[in-house]
Each structure stands twice: as structure tokens, then as C-alpha cells.
Chemist: 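Provided herewith is a single structure, encoded as C-alpha cells, for subsequent inquiry.
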Amino acid sequence: MAFSERKMPGICSVFLLVVLFAHSCHGFYLPGSYMHTYSTSDTIVAKVNSLTSIETELPFSYYSLPYCEPLGGIKKSAENLGELLMGDQIDNSPYQFKMNVNESLYVCTTSPLNEHEVKLLKQRTRDLYQVNMILDNLPVMRIAKQNGVSIQWTGFPVGFTPPNSNDDYIINHLKFKVLVHEYEGSGVQIIGTGEEGMGVISEADKKKASGYEIVGFEVTPCSVKYDPEVMTKLHMYDSISPVNCPLELDKSQIIRERERISFTYEVEFVKSDIRWPSRWDAYLKMEGARVHWFSILNSLMVITFLAGIVFVIFLRTVRRDLTRYEELDKEAQAQMNEELSGWKLVVGDVFREPDCAKLLCVMIGDGVQITGMAAVTIVFAAFGFMSPASRGMLLTGMIILYLFLGIAAGYAAVRLWRTLKGTSEGWRSISWSVACFFPGIVFVILTVLNFILWGSKSTGAIPISLYFVLLSLWFCISVPLTLVGGFLGTRAEAIQYPVRTNQIPREIPARKYPSWLLVLGAGTLPFGTLFIELFFILSSIWLGRFYYVFGFLLIVLLLLIIVCAEVSVVLTYMHLCVEDWRWWWKAFFASGSVALYVFLYSINYLVFDLQSLSGPVSAILYLGYSMIMAIAIMLSTGTIGFITSFYFVHYLFSSVKID
């Protein structure tokens with residue numbers, strides 16, 4: 001009690017501070033980046049990210065092409081773990097603007113292009129590489145019209161190849177339009193969590209905050225042929241006459257040897273009614289909402305159908321049998337024991353140790369870790385804590401969560417091991433295996449893919465220094481925490497079986513068809529819940545689209561968990577009814593087999609939806625990352641099904657009084 005009394009003043013102080021802070025706030029917003037306000041003529045510098053292509057999926061550095069470099073040299077921006085793993089390489093650029101000053105400026109003229117530079121520019125142009133620029137944390141947007149419909153794209157092409165032509169033309173003139181909103185310091189407190197770090201604009205900063213916010217960044221790319229003799233007399237940022245984008249190819253800048261390319265740009269500032277908190281809406285326009293709802297409705301129908309089957313199993317079959325059995329006297333029970341059929345016959349074998357028990361424990365431990373990571377990440381993202389403005393934060397958050405959930409993985413694996421073996425002996429080996437099983441698979445696949453990326457000189461290759469960082473995180477955080485979880489598992493109370501196991505295993509009756517066929521077929525039901533959302537996720541990863549419908553994804557995750565649990569319970573009961581007591585692995589793969597269909601769907605997506613993907617290198621990268629995703633899904637869904645089935649079987653046989 002004394003401890004509680006000493007602790008109370010501290011709790012009260014914290015609560016009082018929270019109340020005072022809440023009272024002082026007029027409102028707050030978590031958009032993903034700290035709001036900048038600019039005064040007229042303030043200098044704003046655009047940044048450049050890696051060049052990307054939906055044809056090759058190999059990112060390359062912006063300055064790998066003969067583009068103009070900034071006066072002070074190339075300076076890399078600080079990047080988080082997620083950005084580095086995704087292949088982002090953000091550098092400064094020579095493109096700089098003055099707030100509310102419309103101008104047309106010269107940047108530079110290259111030296112005559114040599115054979116290597118021409119070959120590289122042509123290759124990047126024909127592989128549809130995009131230049132990705134960033135201004136005030138907003139990606140540049142290009143609005144193109146196709147068949148009278150406006151289509152929004154992030155980035156602009158390196159160049160273009162006219163139809164029925166072997167010539168390529170470079171984009172060397174950019175017409176920027178910057179949308180700005182006048183901010184007058186209305187007293188709204190804004191909390192930011194973006195790449196610039198945490199920041200708050202408070203009442204005291206009203207005057208300082210007043211100015212202009214950047215709420216949009218658009219570009220119209222052009223190819224313009226300049227006279228290099230005239231352009232070389234200019235200096236960087238000298239004014240030039242505004243340029244109209246030429247429609248004639250003879251007035252566009254062709255890519256060929258000995259050509260000198262001049263780069264220029266225009267900027268126009270346009271006042272907009274878009275407020276800063278809404279500036280990402282143009283990028284996150286949710287398309288296909290009806291498709292998402294159809295997916296959820298479809299999943300609900302599957303869940304209702306399976307729930308009906310489970311309801312029948314519990315109420316009509318299990319309850320009826322148990323009630324009838326409990327009403328009999330001892331002599332009648334003894335007589336009935338001789339006439340038992342179905343699941344009651346395997347009472348002496350149902351908790352017999354499964355084959356490869358150690359591997360099962362390890363996979364369940366890793367499944368708990370992956371499921372916890374996915375669930376927490378999606379919940380945070382659904383509530384708006386993972387903004388697309390914070391590039392790489394989603395992946396960084398997932399890695400951190402995975403590391404710290406090693407405690408849960410070690411605990412679950414060792415506790416299951418104790419339950420199967422009846423002893424804690426060997427728990428260290430189990431914990432080490434849990435810490436190394438899934439990360440080891442991922443590490444091997446990523447290493448193979450990384451050698452391929454290194455050979456292609458892509459920025460998507462993980463640097464050696466980052467390899468050491470990842471290994472340090474693995475062995476200095478994940479492994480120790482998994483061992484701690486395993487130790488806690490040895491101290492937890494073991495799960496007691498409700499019935500004894502016979503010394504001699506019962507013979508399993510022969511079946512007309514393999515039981516694994518039914519198990520593999522069961523994966524189609526969870527896949528039916530997942531596949532529509534999977535299409536949007538794959539599109540966001542491989543087609544460069546923003547995925548931000550995490551609310552739908554959270555609903556789909558909950559439905560997937562329910563379907564996996566129900567499928568596994570139904571399959572386990574069906575196997576027990578035909579006197580097949582080897583249910584452990586079948587319960588795992590009944591729901592875990594969804595991973596097979598996910599991988600097959602990924603191949604289908606590669607063949608039919610990623611037709612632009614070219615070359616064996618790109619296909620190997622795609623299949624490698626798809627394999628990692630499929631293994632993670634198998635461990636996660638398999639764990640959900642196994643744990644549900646284990647407690648179902650435990651409950652079922654805890655009600656039986658057969659000795």
C-alpha cells in the first residue's frame with residue numbers, strides 16, 4: 001500500500017500535464033510531415049529520388065544519367081532504414097524556386113554525349129524510367145490525358161520514343177506549377193511526424209508561421225532543342241524566355257552522340273484553396289471503393305457459411321454426443337466405449353506428439369511474431385500514424401515491431417515445446433531456432449537478390465554497411481529478446497492434456513483419397529477473403545501506386561483471421577471423425593495453404609498484369625520478393641489455424657470421461 005501511495009503523486013502529475021496540454025490545444029493533426037511556411041522570395045530547393053521503372057523494377061541513382069549537378073555538389077538526404085531497403089536515394093538538385101516568383105531559368109549544358117551516355121539514356125528511355133522529384137516532401141505529379149480522361153502520375157519520364165521511330169528524345173525542359181495556400185497562423189496547433197522530425201506550431205509561433213504553404217507540385221515535361229552555342233554563354237539560373245512545348249519532332253532534343261543537351265525550367269506559383277492537411281488527397285484518391293466493399297461482403301458470406309458449419313459441429317454433434325454420454329450410468333458407459341465411433345475413438349492418441357515437433361514449435365513461434373507485427377502495423381496505419389509523406393516509415397516500423405515481438409515468439413514456441421515434451425529441456429535450442437528460422441530464409445533470399453542488384457548497379461542493392469546494421473539488429477536485439485521470451489515460456493504453466501495418451505499408437509483406417517488433398521483445398525477459402533486486397537497491394541508495390549486504404553486492409557485482416565480459424569477447426573474435426581489423430585500439421589496447413597494460392601496468384605499477376613516487366617533479372621526479383629511474402633503468410637495463417645484447432649481439440653476432449 002505504501003508503494004501505491006508513493007506512486008500516486010507521480011501518476012497525478014502526469015495526468016495533470018496531459019489535461020493542461022489538452023486544454024491548451026485548439027486542435028491537432030498528424031499528417032506525416034512538419035508544416036513549412038515560406039515568405040515571398042524564400043528559396044525552396046527540389047530534391048530528386050531514384051529513377052524507377054515499372055518495366056524493370058530496378059531503381060537507379062538520378063545522377064547515373066548526365067543530368068546537371070547543383071552548384072555546391074551532390075548532397076544526400078538522411079534516410080531511414082525503410083527508405084534504404086526500398087532503394088530510395090534522395091539527393092539535392094539544381095532545381096530551386098523563389099516563393100511566389102514566376103520565372104524561366106537556365107540550368108546547364110552538358111558536354112558532348114559519348115557512346116556510353118547515349119546508350120544509357122536510350123536504355124533508360126525505352127525502359128520507361130521516371131524521374132521522381134520532391135518539393136516540401138510532396139512528390140511531383142504529372143497529369144496526362146488519354147482518350148479524353150485525365151490520368152495522374154507521380155514523376156515524369158526520362159525521355160520518349162515516338163511511334164514507328166528508332167530515335168529517342170530526352171526531356172530537358174520542365175514547366176513546374178507549385179500550388180500554394182496562404183496561412184495566417186489561425187492558432188491551430190500542428191504536430192508533425194515526418195522526415196523533418198517532430199515539431200509543433202503553437203500560439204507563440206503565429207507570426208512566424210504566417211506565410212505560404214506548398215499544397216501541390218505539378219510538372220509538364222518537354223523536349224526542346226536549343227542552340228548549344230547560345231546556351232553555353234549563359235550561367236546557371238540566368239533568365240531565359242518562356243518556352244512553349246514543341247509538338248514537332250525536329251524541334252525536340254534528340255539523343256545521339258556528340259549532342260550537347262541544355263536543361264531549363266519554368267516555375268509558376270498558383271494560389272489554391274487546398275489546405276495543408278488535405279494536400280495528400282490528390283495522391284491518395286481511393287479508386288475502386290466498391291471493389292473493396294464487394295471483397296468484404298464476399299468474405300462475410302464465406303465466414304457466415306463456415307460459422308454455420310462450426311455451429312452445427314458444436315451444438316448438434318459434439319454437444320449431443322457429450323450430453324448423451326454423460327447421462328449414462330457406468331455400466332452403460334463401459335458398454336458404449338466398446339461401440340464408440342468417430343472422434344471419440346482417438347481419445348488415447350489425439351495428443352500424441354506429432355512428427356517434427358521441434359519444427360512445428362519453431363514455425364508457430366515465428367507465426368506469432370509475424371502475425372503480431374502485421375496486426376499492430378495495420379492498426380497503426382489504419383488510424384493514420386503511417387503517412388505516405390513519411391517515406392519508409394511503414395517498413396521501418398514493421399522491422400522494429402518484428403524485432404521486439406521476438407519475446408512473444410520465444411514464449412509461444414517454448415511453451416508449446418513444454419506442452420508436447422512435458423519438460424523444458426532443449427528450450428535454448430528452440431529459442432535460437434525461432435530467432436533464426438524465418439529471418440534466415442529472408443536473409444538468404446535477399447542476399448541472392450542483392451548480388452543480382454549489385455551486378456546491375458542498382459540503388460535497390462542493400463549496401464554492405466546496411467547489411468551489418470541488419471545483422472546487428474538481428475543478433476543484438478531479436479535473438480536476445482527471443483531467448484528472454486523462451487525463458488519466460490519455461491516459467492509459464494504448461495498446458496495439461498485432458499486425457500492420457502496410449503503407449504501404442506492406434507492404426508489409422510485407410511482412406512479413398514489423400515487427406516492432404518482436402519488440406520490444400522481448404523486454403524482456397526482464406527484466399528477468397530484476401531485476393532482482391534492482394535491485387536491492390538501488388539499494384540502499389542510493383543506499379544508505383546500509393547496504397548493507403550489501410551481501413552479496408554484492417555477489416556480484411558480481421559475477416560482473414562476468422563476464416564483461417566474456422567477452416568482449421570472444421571478440417572481438424574473432419575479428420576478426427578475418420579479416426580485420423582495426426583491433426584497437428586494438418587491444422588497448421590489447412591489455413592497455411594493459403595500461401596500456395598497467394599504465390600500462384602503472384603505468378604498470375606506477373607504474367608497477366610505486369611506484362612511490361614522485362615528481362616529475367618526483373619522476373620527473378622519479383623519472384624524472390626513474392627516468395628518471402630508467401631512464406632510469411634504461411635507462417636502467420638498457419639499459426640492462427642493451429643492455435644484455434646489446439647484449443648478446440650483441448651475443449652472437445654476435456655469433456656470426455658473415457659479412461
Side-chain angles (χ1 to χ4, degrees), residues 45-53 60-75 89 91-97 103-133 140 142 155-176 219-268 457 459:
V45 178
K47 296 179 181 179
V48 286
N49 203 340
S50 300
L51 305 172
T52 55
S53 167
F60 290 98
S61 168
Y62 174 81
Y63 291 107
S64 63
L65 295 181
Y67 284 130
C68 304
E69 296 185 5
L71 288 174
I74 302 168
K75 297 175 184 175
Q89 182 176 314
D91 304 311
N92 60 337
S93 81
Y95 295 95
Q96 62 181 37
F97 318 131
E103 50 191 352
S104 301
L105 302 175
Y106 166 77
V107 184
C108 78
T109 300
T110 65
S111 53
L113 296 178
N114 58 39
E115 183 183 355
H116 172 71
E117 290 172 332
V118 169
K119 184 180 177 182
L120 205 57
L121 279 170
K122 280 179 168 287
Q123 186 179 346
R124 298 288 182 264
T125 298
R126 299 202 173 190
D127 286 340
L128 304 181
Y129 269 86
Q130 302 282 312
V131 178
N132 299 293
M133 279 194 175
V140 71
R142 174 170 57 97
F156 58 89
V158 169
F160 64 92
T161 305
N164 305 319
S165 172
N166 291 323
D167 293 327
D168 301 290
Y169 296 84
I170 191 171
I171 298 296
N172 62 333
H173 180 74
L174 302 172
K175 304 181 84 163
F176 294 107
V219 67
T220 303
C222 308
S223 181
V224 181
K225 183 171 180 60
Y226 292 106
D227 182 354
E229 299 299 327
V230 175
M231 301 305 284
T232 48
K233 295 176 182 178
L234 299 174
H235 298 92
M236 188 177 281
Y237 305 126
D238 280 353
S239 295
I240 60 169
S241 301
V243 176
N244 292 320
C245 291
L247 298 176
E248 301 84 2
L249 290 178
D250 59 344
K251 294 182 180 178
S252 300
Q253 179 61 60
I254 195 170
I255 301 173
R256 64 185 172 200
E257 282 189 61
R258 311 307 302 167
E259 283 286 324
R260 302 187 70 182
I261 301 172
S262 298
F263 289 90
T264 56
Y265 69 96
E266 299 174 38
V267 59
E268 177 189 10
K457 298 180 180 179
T459 60

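On a predicted model such as this, the values are computed, not experimentally measured, just so you know.
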Chemist: Nearest 0.5 Å please: distance from the CD1 atom of Ile74 over to the CG atom of Asn92.
Modeler: 7.5 Å
Chemist: Pair Val48, Tyr95 - check side chain to side chain contact (heavy atoms under 4.5 Å, CB included), show working.
Modeler: CA-CA 9 Å; Val48 286; Tyr95 295 95; 5.5 Å; no
Chemist: Any heavy-atom pair between the side chains of Lys225 and Ser252 that's under 4.5 Å?
Modeler: no
Chemist: Do any pairs count as a salt bridge (Lys or Arg N to Asp or Glu O under 4.0 Å) and have a residue in residues 243-257, sequence neighbours left out, and if so which ones?
Modeler: Arg256-Glu259
Chemist: Mind listing the closest non-hydrogen atom pair of Tyr169 and Ser223 along with its distance?
Modeler: CB-OG, 4.0 Å
Chemist: I'd like to know whether Leu65 forms a side chain to side chain contact (heavy atoms under 4.5 Å, CB included) with Arg124, so could you lay out the CA-CA distance, the side-chain angles of the two residues, the decisive distance to 0.1 Å, and finally the verdict.
Modeler: CA-CA 9 Å; Leu65 295 181; Arg124 298 288 182 264; 3.7 Å; yes
Chemist: Given Ile261, which of Ile254, Leu113, Thr109 fulfils the side chain to side chain contact (heavy atoms under 4.5 Å, CB included) condition?
Modeler: Leu113
Chemist: Any heavy-atom pair between the side chains of Thr264 and Val224 that's under 4.5 Å?
Modeler: no
Chemist: Might you point out which heavy atoms bring Pro228 and Arg260 nearest each other, and give the distance in Å?
Modeler: CB-CB, 4.0 Å
Chemist: Pro221 and Ile171: which non-hydrogen atoms are nearest, and at how many Å?
Modeler: CB-CG2, 3.5 Å
Chemist: Of all the heavy-atom pairs spanning Gln130 and Gly155, show the shortest one and how long it is.
Modeler: OE1-C, 3.6 Å
Chemist: With rounding to the nearest 0.5 angstrom, report the CG to OG1 distance, Leu121 to Thr110.
Modeler: 9.0 Å
Chemist: Walk me through whether Leu51 and Asn132 qualify under side chain to side chain contact (heavy atoms under 4.5 Å, CB included).
Modeler: CA-CA 6 Å; Leu51 305 172; Asn132 299 293; 5.7 Å; no
Chemist: State the OH-CZ distance between Tyr67 and Phe263, to the nearest 0.5 angstrom.
Modeler: 6.0 Å
Chemist: Does Thr125 reach the main-chain N or O of Val158 with its side chain, forming a donor-acceptor pair under 3.5 Å?
Modeler: no
Chemist: Quick one: CG on Asp227 to OG1 on Thr232, what's the gap to the nearest 0.5 Å?
Modeler: 8.0 Å
Chemist: Only distances under 3.5 Å count here; give the side-chain donor-acceptor pairs of residues 233-247 to other protein atoms, sequence neighbours excluded, each with its distance to 0.1 Å.
Modeler:
residue	atom	partner	partner atom	Å
Tyr237	OH	Pro94	O	2.5
Asp238	OD2	His235	N	2.7

Chemist: To the nearest 0.5 Å, how far apart are CZ in Phe176 and CD in Glu103?
Modeler: 12.0 Å
Chemist: For Glu117, enumerate each residue passing the side chain to side chain donor-acceptor pair (under 3.5 Å) test, keeping only those at least two apart in sequence or located in another chain.
Modeler: none
Chemist: Checking Asp168 side chain against Lys122 main chain: does a donor-acceptor pair fall under 3.5 Å?
Modeler: no
Chemist: Under 30°, 30 to 60°, or over 60°: which ring-plane class applies to Tyr226 and His173, parallel, tilted or perpendicular?
Modeler: perpendicular
Chemist: Would you compute the distance between atom OG of Ser64 and atom CD of Gln89 and round it to the nearest 0.5 angstrom?
Modeler: 9.0 Å
Chemist: Please name the pair of heavy atoms, one in Arg126 and one in Ser165, separated by the smallest distance, quoted to 0.1 Å.
Modeler: NH2-O, 4.5 Å
Chemist: Using a 4.5 Å cut-off on heavy atoms from C-beta on, say whether the side chain of Asn49 contacts that of Tyr62.
Modeler: no
Chemist: Under a 3.5 Å distance rule, please check whether Asp127 uses its side chain to pair with a backbone N or O of Tyr129 as donor and acceptor.
Modeler: no
Chemist: Against the six-membered ring of Phe156, is Arg142 placed for a cation-pi contact (under 6.0 Å from the centre, within 45° of the normal)?
Modeler: no
Chemist: Looking only at heavy atoms, which two atoms of Pro70 and Tyr63 are closest? And how far apart?
Modeler: CD-OH, 3.3 Å
